[in-house]
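Data first, discussion second: the structure below is written as structure tokens.
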Amino acid sequence: MTLRSVEEQLARVLAAVRPAAVERMRLDEASGRVLTGPALAGNAVPPFDNSAMDGFAVRFADVADASPEHPVTLRVVADVPAGSALDPAIGPGEAARIMTGAAVPSDADAIVPFEDTAGGLAGSLASAAVLAAPRRRGVHVRAAGEDIAAGAEVLPAGIRLGARQLSALASAGIAQVAVARRPRVMVVATGSELVPPGQPLTRGTIPESNSLLIAGLVADTGAEVVARRVVDDSGNGPAEAVALAAGLGADVVIFSGGVSAGAYEVVRQSLRDAMEFTKVAMQPGKPQGFGATDDGMLLFGLPGNPVSAAVSFEVFVRPALLRMQGCAEISRAVWRLAAGEAWRSAPGRRQYLPAVIDRTDPARPVVRSASGGGSGSHLAVGLGGAEAYAVVPESVSAVEVGDLVDIVLL
């Protein structure tokens with residue numbers, strides 16, 4: 001049996017992705033959104049020369065030779081607090097008291113901190129006895145445009161906006177941004193064996209956890225879950241879910257379960273004309289379903305075991321949702337760490353092992369399986385403790401202690 005490569009399946013998925021619509025919104029509404037175009041500074045940062053210290057704005061030539069043995073006394077002619085529009089004239093032998101962030105007077109070219117004067121803040125509106133010469137002209141002056149010039153690019157397209165990015169945009173005088181609309185996603189778990197968490201279990205039933213798993217992973221990408229459903233293995237539930245999703249304006253439907261080769265594979269049976277079902281050279285996650293409706297709504301069919309579903313989402317669905325939003329980077333960073341234990345991998349299939357990083361020796365962290373039960377795709381509790389996937393190439397069938405392994409941090 002020939003298995004499709006991970007790269008080929010991902011390429012098929014990404015080729016079907018359509019960019020999300022563009023919205024304009026205020027910064028205070030834009031957290032988590034992705035810029036669809038470069039954001040250009042409305043003002044320079046800083047917008048004007050300003051003081052980096054509380055002290056005195058001075059003419060460098062007046063205090064270039066100041067020392068504790070030969071202090072230079074200046075007459076204070078103005079007081080410039082932060083926010084003041086004053087630009088007082090400063091002549092030879094004069095200074096202005098100035099506070100951090102205040103605009104530096106045009107006649108001044110250095111700041112002397114209070115700490116470098118005899119009196120400090122006390123009596124500072126009368127005179128300043130400078131005990132230490134500034135190192136150079138411009139010392140303790142934050143130059144206009146030092147961070148960025150007006151009109152320059154603050155952030156490029158494809159950046160997700162978090163707290164630091166929003167602050168940068170605000171500092172540059174930007175009030176609104178063009179961002180991608182959040183993809184709308186419906187999550188559907190399948191299986192007649194599924195019952196709500198906490199409900200008494202009877203023989204053959206298990207708690208339903210996949211819809212919570214997938215919905216949480218969807219939210220982590222910045223997409224919006226518009227509905228979450230559970231359907232059993234009889235009837236035409238998946239097709240009905242697709243119709244409901246279309247009515248809700250969903251961009252994506254994600255099914256878990258019902259895509260393999262068994263007798264009750266409800267997604268395969270219900271959506272055989274809308275989706276392609278294939279086997280991919282990966283462990284877990286070999287059975288995969290994917291397709292699109294005529295209007296472009298993407299349909300993902302993931303395996304039903306929790307680890308298989310989580311890995312399949314990471315490898316195929318997450319990149320699609322990020323690409324839909326125009327993210328500049330759709331792949332996670334990859335580290336390499338030594339294996340802290342030995343384990344087996346299926347030859348010919350790329351393994352994604354839920355893993356933890358053992359930091360017992362901070363200088364030599366190692367990677368271990370997140371589950372004491374091994375690499376089974378049903379080990380949902382072990383998945384809950386994972387902080388990474390250890391990725392083992394198709395050509396490797398055994399990992400030994402000390403082998404270097406690629407690590408995808410979650």
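Please read all numbers here as calculations on a predicted model, not as lab measurements.
Salt bridge present: Asp251 and Arg181 bring a charged side-chain N and a carboxylate O closer than 4.0 Å. In this structure, Glu23 pairs ionically with Arg33, as a charged nitrogen and a carboxylate oxygen lie closer than 4.0 Å. Checked for salt-bridge contact, Glu7 and Arg350 meet the test: a charged N lies under 4.0 Å from a carboxylate O.
The shortest side-chain heavy-atom distance between Ile206 and Val195 does not fall under the 4.5 Å cut-off. Side chains of Arg12 and Glu276 form a contact here, defined as non-hydrogen atoms less than 4.5 Å apart. By the 4.5 Å heavy-atom criterion applied to side chains, Ser31 and Leu166 are counted as neighbours. Between Thr293 and Leu299 the shortest side-chain heavy-atom distance falls below 4.5 Å. When side chains are defined from C-beta on, Val6 counts as touching Phe316, because their heavy atoms get closer than 4.5 Å. When side chains are defined from C-beta on, Val179 does not count as touching Val34, because their heavy atoms never get closer than 4.5 Å. Considering only heavy atoms from C-beta on, Val366 stays 4.5 Å or farther from Arg364 through its side chain. In this structure, the side chains of Tyr352 and Gln283 stay at 4.5 Å or more apart for every pair of heavy atoms.
Judged by distance alone, the side chain of Asn43 and the main-chain N or O of Gly173 form a donor-acceptor pair under 3.5 Å. At least one donor-acceptor pair closer than 3.5 Å links the side chain of Asp87 to the backbone N or O of Ser106. For the pair Asp361 (side chain) and Ala363 (backbone), a donor-acceptor distance under 3.5 Å is present. With Thr73 contributing its side chain and Ala129 its backbone, the two residues share no donor-acceptor pair below 3.5 Å. Thr205 places no side-chain N or O within donor-acceptor distance of the main-chain N or O of Leu201, the cut-off being under 3.5 Å. The main-chain N or O of Gly93 is found under 3.5 Å from a side-chain atom of Asp62 such that the two form a donor-acceptor pair. Although no hydrogens or angles enter the test, the distance criterion places a donor-acceptor pair under 3.5 Å between the side chain of Thr190 and the main chain of Gly257. For Glu329 (side chain) and Ser331 (main-chain N/O), a donor-acceptor pair under 3.5 Å exists by modelled atom type. Judged by distance alone, with hydrogens and angles left aside, the side-chain atoms of Arg268 form a donor-acceptor pair with the main-chain N or O of Ser260 at under 3.5 Å. No donor-acceptor pair closer than 3.5 Å links the side chain of Asn210 to the backbone N or O of Ser256.
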Apply side chain to side chain contact (heavy atoms under 4.5 Å, CB included) to residues Leu27 and Val177 and explain how you reach the verdict. CA-CA 7 Å; Leu27 291 190; Val177 284; 3.9 Å; yes
Can you list the steps and then say if Val253 with Val185 is a side chain to side chain contact (heavy atoms under 4.5 Å, CB included)? CA-CA 6 Å; Val253 182; Val185 181; over 6 Å; no
With side chain to side chain contact (heavy atoms under 4.5 Å, CB included) as the criterion, how do Gln288 and Leu302 come out once you've worked through the C-alpha distance, each side chain's angles and the decisive distance to 0.1 Å? CA-CA 6 Å; Gln288 293 290 326; Leu302 313 183; 3.9 Å; yes
One pair to check against side chain to side chain contact (heavy atoms under 4.5 Å, CB included): Val280 and Lys286. What are the steps and the verdict? CA-CA 5 Å; Val280 178; Lys286 182 169 70 173; 5.7 Å; no
Evaluation steps, salt bridge (charged side-chain N to carboxylate O under 4.0 Å, His left out), between Arg184 and Glu224: CA-CA 5 Å; Arg184 297 167 60 82; Glu224 175 187 5; 3.7 Å; yes
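Nearest approach of Val266 to Pro238, heavy atoms of both residues: CG2-CD, 3.6 Å. Residues Val225 and Ala215 share a closest heavy-atom pair of CG2-O, 3.7 Å. Of all heavy-atom pairs between Val80 and Pro105, the closest is CG2-CG, 4.5 Å. Of all heavy-atom pairs spanning Asp403 and Ala398, the tightest one is OD2-O, 4.3 Å. Of all heavy-atom pairs spanning Ser308 and Pro303, the tightest one is CB-CB, 3.6 Å. Residues Pro284 and Met282 approach most closely at O-CE, 3.5 Å, considering heavy atoms.
Of the inter-residue distances, the one linking Glu193 atom CD with Asp232 atom CG reads 10.0 Å to the nearest 0.5 angstrom. Atom-to-atom distance recorded for Leu410:CG and Arg332:CZ is 5.5 Å, nearest 0.5 angstrom. Going from atom CZ of Arg349 over to atom NZ of Lys279 covers 9.5 Å, rounded to the nearest 0.5 Å. Interatomic distance, CD of Gln199 versus CG of Leu194, reported as 11.0 Å (0.5 Å rounding). To the nearest 0.5 angstrom, Gln351 atom CD is 12.5 Å from Asp406 atom CG. Atom CD of residue Gln9 and atom OG of residue Ser312 lie 9.5 Å apart, to the nearest 0.5 angstrom.
In the displayed structure, Arg135 atom CZ is contacted under 6.0 Å by at most 12 heavy atoms of other residues, nucleotides or ligands. The environment of CG in Asp65 is sparse: at most 12 heavy-atom neighbours from other residues, nucleotides or ligands sit within 6.0 Å.
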Identify each donor-acceptor pair in which a side-chain atom of residues 146-164 lies under 3.5 Å from a protein atom, sequence neighbours left out, and give them as a table.
from	atom 1	to	atom 2	distance (Å)
Glu146	OE1	Ala143	N	3.0
Arg160	NH1	Gly32	O	2.6
Arg160	NH1	Thr221	O	3.4
Arg160	NH1	Gln325	OE1	3.3
Arg160	NH2	Thr221	O	2.7

Listed pairs under 3.5 Å, donor-acceptor, residues 381-393 side chains, sequence neighbours left out:
from	atom 1	to	atom 2	distance (Å)
Glu387	OE1	Arg359	NH1	3.3
Glu387	OE1	Arg359	NH2	3.2
Glu387	OE2	Ile357	N	2.8
Glu387	OE2	Arg359	NH1	3.4

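Ring centers of Phe56 and Phe114: under 6.0 Å apart, within the cut-off.
A donor atom on one side chain and an acceptor atom on the other are not found under 3.5 Å apart for Gln176 and Arg26. Arg75 and Ser127 form no side-chain donor-acceptor contact under 3.5 Å, judged by distance and modelled atom types alone.
For Ala250, the side chain to side chain contact (heavy atoms under 4.5 Å, CB included) criterion is met by Val226, Ala245, Met297, not counting sequence neighbours.
Between Asp109 and the choices Arg136, Arg137, Arg59, the salt bridge (charged side-chain N to carboxylate O under 4.0 Å, His left out) rule is met once, by Arg137.
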